[in-house]
Amino acid sequence: MSRAMRFTGFVAGAAIALCPLASGAQEAPEPPEGFPERPLEILVPYGTGGGSDQLSRAMANAIEEVSGTSVQVTNAPGGGGLAAIPDFMAAPKDGYTMLESIDAVATNYVSGRMEQHPTEDIEPLAIAQITFNQLYIRPDEDRFTNFEEFVEYAQENPGVLTVANVGNQGSMERINMHLLEQDLDFETKQIAFDEPSERYASVIGGHIDVLFEQPGDVRQFLEAGQLKPIVTFFESRPDAFSEVPTHRQVGGDFTALNRFRGFWTHPDVPEERKRYLEALIGAAWETDSFQEFNRTKYMHLVNSYRDTEGATELINNAIETYTNVYEQIGIETRGD
């Protein structure tokens, strides 16, 4: 793939920039008559302890704070985020069940692994987080201590080093790694874990060599000195990681893909309930408690909120981008 062809479409990365988030109190939206009369549910397609789980529980608490309505979080991991989709599609179309998911809805749809179009067959309510990625090693790793030494080791031992992630072929994680390896001429082996605790323990325990992850998800391990970032996939160095080089600075000639996380409902849910849920998430996102949560996850470094209209645009653009990238690097798409 020529460098000129790299990421000709929108990327959930090129369109965001480092900037502070707004914060403040938000009044609860007026609910439609008779809704909700019982607790809401957020269905999380990943295990406990990871970014999706943390976001969903923080959002559930903020919704309860804003509206007084209880919110139950249910984890249904498996299949790289796909195992929960049938349960969500089979749930009553009454607005009580929301789906939390990530950019994997775009990659899985483009690859053909997911039948549902992520803005048509399921309807986005809002995006609540957009964040960059990093590679992490153990601080006591003795084969390499920084990104330059990591690449040198990988070049001398092609296909030996293992990278833990949550993605399957064509995922955001694997596309970023593919492009970086292509530009720097090295090769690693990608290992996917649905359970975040297994993913993190595999690296900290020395069973896997490197972790591909977002900094907010592993902050506790960073602060405990159990993981060390060696490269940031972003256009410039965030202040919180000013000592870590970006993929551009180490020779990656591409716009990095970022992680986004949000909430979906079923399109057949009554319109007034969908708009209420959208407004409810927006009000919850504005609360001081949720803003503080996002700050602890480094989500204050970019403007990461999108309402239904903005989320729909972001996801549709992501579908276009991944379709273009797949075609450029030879990954089969649903249209092939």
Side-chain angles (χ1 to χ4, degrees), residues 42-57 73-88 99-108 111 113-114 129 131-141 143-144 150 154 159-181 187-224 226-233 256-261 297-298 322 331:
I42 296 176
L43 185 61
V44 182
Y46 300 98
T48 57
S52 287
D53 181 63
Q54 295 176 42
L55 166 65
S56 297
R57 294 180 189 280
V73 175
T74 303
N75 298 86
L82 292 175
I85 300 298
D87 288 344
F88 174 71
L99 175 71
E100 187 278 346
S101 199
I102 64 175
D103 41 272
V105 294
T107 60
N108 283 324
S111 69
R113 284 187 291 271
M114 176 174 161
Q129 290 185 334
T131 185
F132 55 86
N133 305 280
Q134 294 181 313
L135 290 182
Y136 304 92
I137 63 173
R138 294 181 299 281
D140 61 354
E141 170 65 67
R143 295 170 294 176
F144 37 83
F150 160 75
V160 171
L161 292 178
T162 49
V163 180
N165 59 51
V166 69
N168 45 30
Q169 184 186 27
S171 67
M172 177 273 293
E173 290 90 340
R174 300 207 180 185
I175 294 295
N176 277 323
M177 284 303 300
H178 174 88
L179 294 172
L180 189 64
E181 292 181 10
E187 179 184 355
T188 61
K189 185 183 301 181
Q190 305 294 309
I191 310 294
F193 295 83
D194 279 325
E195 287 289 347
S197 60
E198 295 178 359
R199 188 161 66 249
Y200 306 151
S202 69
V203 178
I204 294 172
H207 305 294
I208 300 291
D209 300 305
V210 181
L211 173 67
F212 186 108
E213 190 58 276
Q214 299 80 53
D217 297 6
V218 294
R219 183 164 187 160
Q220 60 178 314
F221 303 114
L222 298 178
E223 294 179 344
Q226 294 176 290
L227 291 174
K228 171 186 174 182
I230 56 173
V231 68
T232 299
F233 290 85
L257 294 158
N258 293 301
R259 169 115 299 151
F260 62 79
R261 301 188 179 103
K297 302 302 175 186
Y298 301 112
Y322 279 107
I331 295 178

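Residue numbers run from 1 in the order of the sequence given.
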Query - Sidechain-backbone polar pair: Q54 side chain, G49 backbone, donor-acceptor under 3.5 Å - result: yes
For this session: Spell out, as yes or no, whether a donor-acceptor pair under 3.5 Å connects the side chain of N176 to the backbone of L257.
Result: yes
In terms of heavy-atom contacts, P77 and E195 come closest through CG-OE2, 3.5 Å
Tightest non-hydrogen contact, residues N258 and D103, listed as O-OD1, 3.8 Å
Discussion item. Are L82 and P45 packed together at the side-chain level, in the sense that at least one heavy-atom pair is separated by less than 4.5 angstrom?
Written reply: no
Under 3.5 Å side-chain donor-acceptor pair for S111 and Q169
no
Residues at least two apart in sequence or cross-chain that pass side-chain contact (heavy atoms from CB on, under 4.5 Å) with P196, listed by chain then number, are R199, Y200
**Item:** Close side-chain approach of E223 to F221, heavy-atom, < 4.5 Å
**Value:** no
For Q214, the side-chain contact (heavy atoms from CB on, under 4.5 Å) test, sequence neighbours excluded, returns T131, N133, M172, D217, R259, R261
Practice task
Verify whether one side chain among K297 and Q129 offers a donor that lies under 3.5 Å from an acceptor in the other.
Solution key: no
T48 versus D53, side-chain donor and acceptor atoms under 3.5 Å
no
Those residues at least two apart in sequence (or on a different chain) that pass side-chain contact (heavy atoms from CB on, under 4.5 Å) with N165 are E173, R174, Q190, A192, F212
